[in-house]
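Reading through the structure tokens given below for one structure.
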Number of protein chains: 2
Amino acid sequence: MKTLLKHIQSIHPISKEAEKALLEISKEVRFQKGTDVQSIGHTCKTIYFVKDGCVRIYYFKEDIDITESFEFENAFVARAESLFTGKPSLKAIQAIEDTLLIAIDSNRLFQLFDSHHDLERLFRKIIEASYVNTVNRIESLQFHTADERYLHLLKDHKDILKRVPLKYIASYLGITPVSLSRIRAHK
Amino acid sequence: MKTLLKHIQSIHPISKEAEKALLEISKEVRFQKGTDVQSIGHTCKTIYFVKDGCVRIYYFKEDIDITESFEFENAFVARAESLFTGKPSLKAIQAIEDTLLIAIDSNRLFQLFDSHHDLERLFRKIIEASYVNTVNRIESLQFHTADERYLHLLKDHKDILKRVPLKYIASYLGITPVSLSRIRAHK
DNA sequence: GTAATTTCTTATCATATGTAAAGTAGTTTC
DNA sequence: GAAACTACTTTACATATGATAAGAAATTAC
């Protein structure tokens with residue numbers, strides 16, 4: 001669990017008691033490459049931290065598999081639309097590689113917020129950062145060409161091509177695999 | 001300020017003391033149609049609540065004016081990328097109509113979080129809801145046609161066509177005004 | 001109220017991306 | 001190691017959107 005605590009310290013330092021309380025509601029879970037961590041229709045009650053490996057959030061639009069996001073080592077993952085609304089999620093979380101996650105029980109976490117103010121602040125800051133990221137992604141989808149978005153993704157995640165199938169990258173960029181192939185061929 | 005307090009109560013009820021503290025760091029400000037509430041290059045230290053009128057967040061990409069978002073009555077507005085990072089914003093906030101805003105001093109608000117846990121929880125929930133909204137907007141930009149996005153916007157904001165120039169709506173949808181005209185002509 | 005300015009629409013042509021189908025390469029299964 | 005399957009690429013054609021320019025409509029300024 002050291003990786004998680006270290007990552008947390010870099011965002012917002014919390015007390016020893018808060019660390020202890022957090023670890024009590026967390027456990028390590030492993031998933032084989034290709035398996036669903038959480039499936040479509042399930043209400044999200046877990047916040048995951050990626051210790052090793054990588055995952056994606058995906059959903060289906062008219063039978064087409066669309067990757068909403070990727071997460072790699074040292075990042076949190078949750079299906080926000082379900083976690084924060086209590087509704088069943090239309091999306092699933094899948095392990096793209098053999099993956100080691102730390103699962104945090106969100107209901108118990110939200111309860112801890114009452115007694116550990118610093119934990120609530122930590123997660124407020126985590127959500128703020130995620131929010132800034134999604135706003136930037138909107139900007140990218142709004143006014144960059146698919147070509148630019150592809151190059152930008154490679155810059156941000158230098159090893160993504162070795163770790164993630166192109167078909168997932170294509171839908172993440174908002175284009176078809178055929179179109180991504182074309183873009184790659186022109187480089 | 002009643003509008004603000006009423007809106008807050010519907011998200012997360014706070015104590016009378018917290019309400020009082022919040023009002024002390026808030027003030028009403030008016031902006032004429034077309035004027036900038038905050039300009040590009042300014043570091044965002046204010047969270048606004050729209051009491052009457054409407055605003056947009058916009059920026060320039062290579063001399064082209066792009067609307068990132070609109071906000072109407074009973075919504076909060078802030079340039080998250082600047083507010084949460086402390087960096088100067090590349091974006092501006094502009095009044096689209098004569099607008100009455102409530103300006104909340106963000107530094108003093110963040111200080112209040114130390115003494116008023118319920119205020120921090122309130123704003124955590126506000127950010128969570130904004131986050132869910134932006135994730136949904138990504139989905140919309142990723143795999144809906146411009147045509148679908150336009151119809152969806154009209155559904156969500158029935159009076160938007162009467163209040164907001166089409167050129168702003170076009171860039172918000174990620175298309176040119178010419179393209180929006182075409183889409184509208186086919187209905 | 002007229003002129004000037006801005007906003008919106010229409011038309012034409014160029015380009016990027018989608019769809020479908022076929023082929024190639026790589027991986028998995030037995 | 002052959003067969004089956006999956007991932008990726010390539011080609012041909014269709015469609016949506018972009019760029020530019022010109023005109024119409026609406027708004028603003030005087």
Side-chain angles (χ1 to χ4, degrees), chain A residues 32-36 54 56 58 60-67 70 94-98 138-154 159-187, chain B residues 31-36 53-54 56 58 60-67 70 94-99 138-154 157 159-187:
Chain A
Q32 277 204 327
K33 177 178 177 172
T35 58
D36 272 2
C54 68
R56 68 182 184 116
Y58 72 97
F60 290 96
K61 176 179 161 150
E62 290 153 20
D63 287 354
I64 296 171
D65 174 321
I66 294 170
T67 296
F70 301 110
Q94 182 191 50
I96 297 179
E97 301 172 334
D98 289 350
I138 285 179
E139 194 177 316
S140 156
L141 285 166
Q142 220 178 352
F143 270 92
H144 288 96
T145 61
D147 182 274
E148 290 167 331
R149 300 201 295 272
Y150 174 68
L151 292 176
H152 193 263
L153 181 68
L154 295 195
D159 57 353
I160 199 170
L161 290 181
K162 286 172 197 144
R163 299 178 70 181
V164 178
L166 289 171
K167 58 178 179 167
Y168 296 158
I169 293 177
S171 67
Y172 175 80
L173 295 173
I175 55 177
T176 59
V178 175
S179 201
L180 179 55
S181 244
R182 228 169 349 212
I183 285 168
R184 285 160 50 80
H186 290 302
K187 298 289 136 199
Chain B
F31 291 89
Q32 276 203 328
K33 176 175 178 173
T35 58
D36 272 2
C54 67
R56 66 182 185 117
Y58 72 97
F60 288 97
K61 176 181 161 149
E62 291 152 20
D63 288 353
I64 296 170
D65 174 321
I66 295 170
T67 296
F70 302 109
Q94 184 192 49
I96 297 179
E97 302 172 335
D98 288 349
T99 297
I138 285 178
E139 194 177 316
S140 156
L141 285 166
Q142 218 178 353
F143 270 93
H144 288 96
T145 62
D147 181 274
E148 289 167 332
R149 300 201 294 274
Y150 173 68
L151 291 177
H152 191 263
L153 181 68
L154 293 195
H157 300 282
D159 57 353
I160 198 170
L161 290 181
K162 287 172 198 145
R163 300 178 69 180
V164 178
L166 288 171
K167 57 177 181 168
Y168 296 158
I169 293 177
S171 67
Y172 174 81
L173 295 173
I175 55 177
T176 59
V178 176
S179 201
L180 178 57
S181 245
R182 229 174 344 215
I183 286 167
R184 285 160 49 79
H186 290 301
K187 298 288 134 198

> Step by step, would you call Tyr58(A) with Ile66(A) a side chain to side chain contact (heavy atoms under 4.5 Å, CB included)?
Replying inline: CA-CA 5 Å; Tyr58(A) 72 97; Ile66(A) 294 170; over 6 Å; no
Ignoring hydrogens and angles, write down the donor-acceptor pairs under 3.5 Å from the side chains of residues 170-178 of chain B, residues two or more places apart or on other chains.
unit_1, atom_1, unit_2, atom_2, d
Ser171(B), OG, Thr67(B), N, 2.8
Ser171(B), OG, Tyr168(B), O, 3.3
Tyr172(B), OH, Arg137(B), NE, 3.4
Thr176(B), OG1, Ser179(B), N, 3.2

> Sequence neighbours excluded, which residues qualify as side chain to side chain contact (heavy atoms under 4.5 Å, CB included) partners of Leu154(B)?
Replying inline: Tyr150(B), Ile160(B), Leu161(B)
> What's the CZ-P distance between Arg184(A) and dA7(D), to the nearest Å?
Replying inline: 15 Å
> How many Å lie between NZ on Lys167(B) and P on dT27(D), as a whole number?
Replying inline: 13 Å
> Which two nucleotides bound the region of DNA chain C that has atoms under 4.0 Å from heavy atoms of chain B, read 5' to 3'?
Replying inline: dT7(C) to dT12(C)
>> Once salt bridge (charged side-chain N to carboxylate O under 4.0 Å, His left out) is applied, do any residues pair with Asp63(A), and if so which ones, sequence neighbours excluded?
In response: none
>> My understanding is that only residues two or more places apart in sequence, or in another chain, count here; which of them pass ring-ring contact (aromatic ring centres under 6.0 Å, His included) with Phe31(B)?
In response: none
> Taking only residues two or more places apart in sequence, or in another chain, which ones meet His157(B) in a ring-ring contact (aromatic ring centres under 6.0 Å, His included)?
Replying inline: Phe72(B)
Name the pairs: protein N/O against N/O of nucleotides 16-19 of chain D, kept only if under 3.5 Å.
unit_1, atom_1, unit_2, atom_2, d
dT17(D), OP1, Ala146(B), N, 3.2
dG18(D), OP2, Thr176(B), N, 3.2
dG18(D), OP2, Thr176(B), OG1, 3.2
dG18(D), OP2, Ser179(B), OG, 3.2
dG18(D), N7, Arg182(B), NH2, 3.0
dG18(D), O6, Arg182(B), NH1, 3.2

>> Once salt bridge (charged side-chain N to carboxylate O under 4.0 Å, His left out) is applied, do any residues pair with Asp36(B), and if so which ones, sequence neighbours excluded?
In response: none
> What pairs with Ser181(A) under side chain to side chain contact (heavy atoms under 4.5 Å, CB included), at least two apart in sequence or on another chain?
Replying inline: none
> To 10°, what angle do the rotation axes through the five end pairs on each side of the helix from dG1(C)-dC30(D) to dC30(C)-dG1(D) form?
Replying inline: 50°
> Pairs in or reaching into residues 163-181 of chain A: which pass salt bridge (charged side-chain N to carboxylate O under 4.0 Å, His left out), with residues at least two apart or in two chains?
Replying inline: Glu73(A)-Arg163(A), Glu97(A)-Arg163(A), Asp159(A)-Arg163(A)
>> If I take atom CG in residue Leu166(B) and atom P in nucleotide dT27(D), what distance separates them, rounded to the nearest angstrom?
In response: 12 Å
>> Test of understanding: with side chain to side chain contact (heavy atoms under 4.5 Å, CB included), list the residues that count as partners of His144(B), not counting sequence neighbours.
In response: Lys61(A), Ser140(B), Glu148(B), Arg149(B)
